[in-house]
Amino acid sequence: MQTFNHFIDGRFQPASNGRTFEKRSPTDNQLMGQVAEGTQADIDAAVGAAREALHGDWGRIAVDRRIAMMHAVADGITRRFDDFVAAEEADTGQPHHVIAHAFVPRGAANFKIFADIVKNVPAESFVMDTPDGAGALNYALRKPKGVIAVISPWNAPLLLMTWKVGPALACGNTVVVKPSEETPATATLLGEVMNEVGVPKGVYNVVHGFGPDAAGEFLTRHEDVDAITFTGETATGTAIMKAAADGIRDVSFELGGKNAGIVFADCDFDATVEGIFRSAFMNTGQVCLGTERVYVERAIFDRFVAALKARCEGVTYGRPSDLGVNFGPLISQVHRRKVLSYYGKAMAEGATLITGGGVPDMPAELAGGSWIQPTIWTGLPETASVVREEIFGPCCHVRAFDGEEEVVRLANANRYGLSTTIWTENLKRAHRMAAAIDAGIAWVNSWFLRDLRTPFGGSKQSGIGREGGVHSLEFYTEMRNVCIKL
Ligand code: NAD
Ligand code: 6OD
């Protein structure tokens, strides 16, 4: 049995009132441990420690030393790779290959890349004329924004948290992280790494707990928080934006998606089936960038649906540590009830069920887990709830289309605009489609292929702002103009 305490001012500590909540395994619903339940006093202490560190060692540290420390954090994650993999597998129940090859390496990369960017980004400068002929020199200083609140979700906990903590710290800020209540493990473990590599106390703080009227909201409403970076549901983003309005705090939001996968008849068929399968079903469909709407050009529709069905019916369920397993459970029983309610709605709205639609038979020791079948529907109108709303589960609706104009109209008729994945061997068409789809990210013949220097974020109700590369610096620093009369 584990205890997940807060990490405040460099020390692990329980909640101020001693309260905890349970963390259960998604794999078998067994009790894994108790998590400190953050209070207002805990948030006050964490924000206070973060502010103190800004005024203290962290505020005074030389940039080179700060950058070296960020590399040390990345190396610390790599050194304790197996611990991070085990913690993330236990928290999420996702297969070893996803955690070990994709998510945990990104934890380390998120520290390295932003350290390098901060070190190398040039400063803006302008020389100007003055009436006396002497001139003046303007240059821009990048100052850290201050104390940053990081609110993160459960679907790729380490990747998504460090995607914000990495640039925030590299830019000289301090952070208070409120990880998802579902996945406390890797944020806690990162506290150990921070101490191991000598990051000053108060720079990285973690307060566990819930969102509304709890640690999350206490943090976003805290008057000494300078900016809020959030990944999660669009509805939560709305609540946080209201909280941020008091005190005019800046926000960066990575929110929900209902992303369209677009398959043209001229695609590389086998690679496309594999690509769409990954984009719809990786991480049991719990990826914001995932494809829940698939549009397939009519000429290959039947063949494509049959191939995707076969791929779904070949998945292997089981514990993350079993290397033959490639399909994990959903994060919780609560989330499974939500996804299953959509499975029910699809049928009630007249879907044709191609495969799945329920819960797989599992051996007795795993029967308590949040297992669910990958599911494909066809035959629904675009007005159906499973075609319009984000489900965040392993399911997609597949529809035939005729021509680019129709598919652009269908893909764009949604309130979200996070990503799209387009499959075609026609280069001109690829460029046209990438420009035409309303999305922050357009992948062509690929999906979730990430270069961390690129802008990342959503259009429409999928987010506010862009992070990644120098775009992260835009959010995590404030530019100050210095004008020197020569
Ligand atoms: P969520 O919005 O329920 O929770 C995210 C975090 O916000 C959690 O830590 C939660 O405790 C906290 N929270 C909830 N209400 C709050 C409030 N009122 N004030 C402050 N904090 C609050 O999201 P989730 O269920 O953890 O994650 C799934 C969602 O995240 C999906 O919608 C998915 O699309 C989205 N997501 C988006 C991206 C992206 O990059 N765009 C990435 C991953 C996940
Ligand atoms: O790759 C990233 O940087 C990122 N933010 C991925 C988001 C995945 C959503 O589930």
Side-chain angles (χ1 to χ4, degrees), residues 21 35 37-38 43 92 98 102-103 105-107 109-110 113-114 149-164 166-167 177-184 187 206-222 225 228-244 251-259 279 282-283 285-290 292 330-332 334-335 338 389-393 416-419 439-441 447-469 471-472:
F21 61 94
V35 189
E37 185 176 342
I43 292 292
T92 65
V98 176
F103 290 174
R106 269 293 303 276
N110 287 339
I113 182 92
F114 292 107
V150 177
I151 312 265
S152 52
W154 44 259
N155 58 311
L158 181 70
L159 184 161
L160 291 167
M161 176 196 55
T162 54
W163 174 241
K164 292 168 178 305
V177 179
K178 209 299 282 171
S180 169
E181 54 274 30
E182 302 285 357
T183 49
V206 178
V207 177
H208 294 293
F210 298 94
D213 205 18
E217 187 174 338
F218 301 152
L219 179 58
T220 57
R221 291 201 174 281
H222 202 290
V225 161
I228 303 165
T229 179
F230 166 71
T231 302
E233 283 189 12
T234 296
T236 311
T238 306
I240 292 178
M241 202 161 174
K242 288 179 182 159
V251 294
S252 172
F253 284 170
E254 297 176 8
L255 307 177
K258 186 72 182 179
N259 312 301
S279 76
M282 188 186 121
N283 215 35
Q286 304 166 116
V287 182
C288 58
L289 308 157
E292 289 188 355
L330 290 172
I331 189 68
S332 65
V334 171
H335 189 50
K338 175 185 161 189
E389 296 168 20
E390 182 187 49
I391 302 170
F392 219 55
Y416 294 110
L418 186 54
S419 73
I441 307 140
W447 176 77
F448 208 164
L449 184 58
R450 295 280 288 113
D451 179 330
L452 307 188
R453 296 167 299 184
T454 59
F456 181 94
S459 305
K460 301 200 274 192
Q461 292 185 32
S462 288
I464 295 185
R466 294 290 179 271
E467 296 196 33
H471 309 282
S472 292

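Counting starts at 1 for both ligands and their atoms, following the listed order. Treat the numbers as computed from the prediction; the structure is a model and nothing was measured. Every heavy atom of this structure was used, including side-chain atoms; hydrogens, water molecules and symmetry mates were not.
- Side-chain contact between V287 and W447 is present, with at least one heavy-atom pair separated by less than 4.5 Å.
- Remark: among candidates G211, G216, S152, the nearest residue to atom 9 (O) of ligand 1 is S152, based on non-hydrogen atoms.
- For atom 44 (C) of ligand 1, the nearest protein heavy atom (residue, atom name, distance) is N155 OD1, 3.5 Å.
- The contact set between ligand 2 and C288, taken as ligand atoms under 4.0 Å from a residue heavy atom, comprises 7 (C), 8 (C), 9 (C), 10 (O).
- Each of N155, L159, L158 was scored for a side-chain contact (heavy atoms from CB on, under 4.5 Å) with F103, with one residue passing: L159.
- In I151, the part holding a heavy atom less than 4.0 Å from any atom of ligand 1 is the side chain.
- Of the candidates E390, K258, E233, it is E233 that places a heavy atom closest to atom 23 (O) of ligand 1.
- Using modelled atom types, no side-chain atom of W163 and backbone atom of R106 make a donor-acceptor pair closer than 3.5 Å.
- Counting atoms of ligand 1 from 1 in the listed order, those under 4.0 Å from a heavy atom of P179 are 9 (O).
- Heavy-atom contacts of E254 reach the following atoms of ligand 2: 5 (N) (cutoff under 4.0 Å).
- The nearest protein atom to atom 42 (C) of ligand 1, hydrogens excluded, is given as C288 SG, 2.9 Å; this is a heavy-atom distance.
- Note that CG of L255 and NZ of K460 are 14.0 Å apart. Values are rounded to the nearest 0.5 Å.
- Between the side chain of H208 and the backbone N or O of A187 there is no donor-acceptor pair closer than 3.5 Å.
- Those atoms of ligand 1 with a heavy atom of W154 less than 4.0 angstrom away are 24 (P), 25 (O), 26 (O), 27 (O).
- If you look at E181 next to ligand 1, the close heavy atoms, those under 4.0 Å, all belong to the side chain.
- For S152 (side chain) and M161 (main-chain N/O), no donor-acceptor pair under 3.5 Å exists by modelled atom type.
- Among F456, F392, W163, the residue whose heavy atom sits closest to atom 6 (C) of ligand 2 is F456.
- The only member of E292, E389, E390 that meets salt bridge (charged side-chain N to carboxylate O under 4.0 Å, His left out) when paired with K258 is E292.
- Neither the backbone nor the side chain of T234 has a heavy atom within less than 4.0 Å of ligand 1.
- Looking at every heavy atom in both residues, S472 comes nearest to P167 through CB-CB, 3.8 Å.
- The contact set between ligand 2 and R450, taken as ligand atoms under 4.0 Å from a residue heavy atom, comprises 1 (O), 2 (C), 3 (O).
- Near F456, meaning under 4.0 Å from one of its heavy atoms, ligand 1 places the atoms 40 (O).
- Considering P184, S332, S180 as possible partners of W154, the one that fulfils the side-chain contact (heavy atoms from CB on, under 4.5 Å) test is S180.
- Nearest protein heavy-atom contact of atom 33 (C) of ligand 1 is F392 CE1, 3.3 Å.
- Within the structure, ligand 2 has R106 among the residues with a heavy atom less than 4.0 angstrom away.
- Only the side chain of L418 comes within contact range of ligand 1, with a heavy atom under 4.0 Å; no backbone atom does.
- Ligand 1 places these atoms under 4.0 Å from at least one heavy atom of F230: 2 (O), 5 (C), 6 (C), 7 (O).
- When each atom of ligand 1 is checked for a heavy atom of K178 under 4.0 Å away, the hits are 8 (C), 9 (O), 10 (C), 11 (O).
- Within the 4.0 angstrom cut-off, atom 4 (O) of ligand 1 has no protein heavy-atom neighbours.
- Checked by atom type and distance alone, the side chain of K178 never pairs as donor or acceptor with a backbone atom of A149 at under 3.5 Å.
- Considering only non-hydrogen protein atoms, atom 16 (C) of ligand 1 sits nearest to T236 CG2, 3.4 Å.
- Summarising the contacts of atom 7 (C) of ligand 2 with L160, L159, T162, T454, the nearest heavy atom is found in L160.
- The aromatic rings of F253 and F230 stand perpendicular to each other, their planes meeting at an angle above 60°, with 30° marking the opposite boundary.
- The protein heavy atom nearest to atom 10 (O) of ligand 2 is N155 ND2, 2.7 Å.
- Under 3.5 Å, the side chains of T229 and E467 contain a donor-acceptor pair of N or O atoms.
- For NZ of K338, the number of neighbouring non-hydrogen atoms (other residues, nucleotides, ligands) closer than 6.0 Å is greater than 12.
- Of all the heavy atoms of L219, none lies under 4.0 Å from any atom of ligand 1, so neither backbone nor side chain is involved.
- With a 4.0 Å cut-off on non-hydrogen atoms, A235 does not touch ligand 1 at all.
- The shell of residues lying under 4.0 angstrom from ligand 1, judged by heavy atoms, excludes F253.
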